[in-house]
Amino acid sequence: NAGVMQNPRHLVRRRGQEARLRCSPMKGHSHVYWYRQLPEEGLKFMVYLQKENIIDESGMPKERFSAEFPKEGPSILRIQQVVRGDSAAYFCASSPDKSGANVLTFGAGSRLTVL
Amino acid sequence: GDSVTQMEGPVTLSEEAFLTINCTYTATGYPSLFWYVQYPGEGLQLLLKATKADDKGSNKGFEATYRKETTSFHLEKGSVQVSDSAVYFCALNQAGTALIFGKGTTLSVSS
């Protein structure tokens with residue numbers, strides 16, 4: 001079991017470019033959560049998805065950010081027209097069901113740097 | 001809204017020293033409480049948890065007791081090792097909602 005796989009681990013983008021972060025959940029997990037960790041900050045919840053559905057996006061910025069979790073393939077967090085303030089570590093976590101957040105398994109994170 | 005406050009680091013200790021990392025929370029209702037640990041270059045791992053008042057979570061020599069009266073969930077270990085060097089996150093959740101994390105505390109243990 002390879003665990004939660006995130007890629008790329010490190011991504012560098014210039015202002016205005018797009019960033020795509022991918023997350024493959026653990027085998028058998030159909031629930032995915034994205035968190036962002038800004039420098040000197042804790043992990044902030046962004047979005048919770050099940051296959052083909054966004055369940056809770058209350059933590060997502062209103063503009064430029066989007067997430068999907070298609071029927072086939074990884075979950076994608078997409079940031080359009082990146083700005084320097086988007087530089088952060090983005091963590092994905094998965095769980096087999098919604099019975100409780102205490103069974104979240106986290107990936108190693110994707111670190112985005114915006115120049 | 002709900003929140004978690006944990007002591008700022010870094011915490012620097014010698015091997016075999018006693019560790020305490022303070023964590024307090026603000027929440028309506030009765031949340032579940034967690035400690036996660038992140039070793040260098042890795043994702044977060046669940047270290048221990050407690051789901052109701054007075055519960056004690058324990059794992060790998062670490063302990064934390066859910067104190068409702070002081071709204072605290074302090075992490076302790078009697079004798080730290082170099083391999084315990086990591087970032088420790090306190091977190092809470094309610095009714096299966098998304099975890100709310102503290103800012104994390106970096107622990108550095110030297111031999």
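Just so it is clear: chains get the letters A, B, ... in the order the sequence lines come, proteins before strands, and each one is counted from 1.
If you measure heavy-atom distances from Q6(B) to chain A, you find no contacts under 4.5 Å at all. Of the atoms belonging to Q37(A), it is side-chain heavy atoms, and not backbone ones, that fall under 4.5 Å from chain B.
Counted within 6.0 Å of NZ on K68(B), heavy atoms from surrounding residues, nucleotides or ligands total 12 or fewer; the atom is thus considered open. The neighbour count for Q81(B) CD, taken as heavy atoms of other residues, nucleotides or ligands under 6.0 Å away, is above 12. Heavy atoms from other residues, nucleotides or ligands lying under 6.0 Å from CD of E63(A) number 12 at most.
No chain of hydrophobic side-chain contacts below 4.5 Å, direct or via other Ile, Leu, Val, Met, Phe, Trp or Tyr residues, connects V83(A) to L21(A). Hydrophobic cluster membership differs between M46(A) and Y48(A), with clusters built from Ile, Leu, Val, Met, Phe, Trp and Tyr side chains linked at under 4.5 angstrom.
Partner of Y36(B) under the ring pair (Phe, Tyr, Trp, His ring centres under 6.0 Å) criterion, chosen from Y35(A), F91(A), F106(A): F106(A).
Side-chain contact between Y33(A) and L99(B) is absent, with no heavy-atom pair separated by less than 4.5 Å.
Atom-to-atom distance recorded for Q45(B):CD and T105(A):OG1 is 9.5 Å, nearest 0.5 angstrom.
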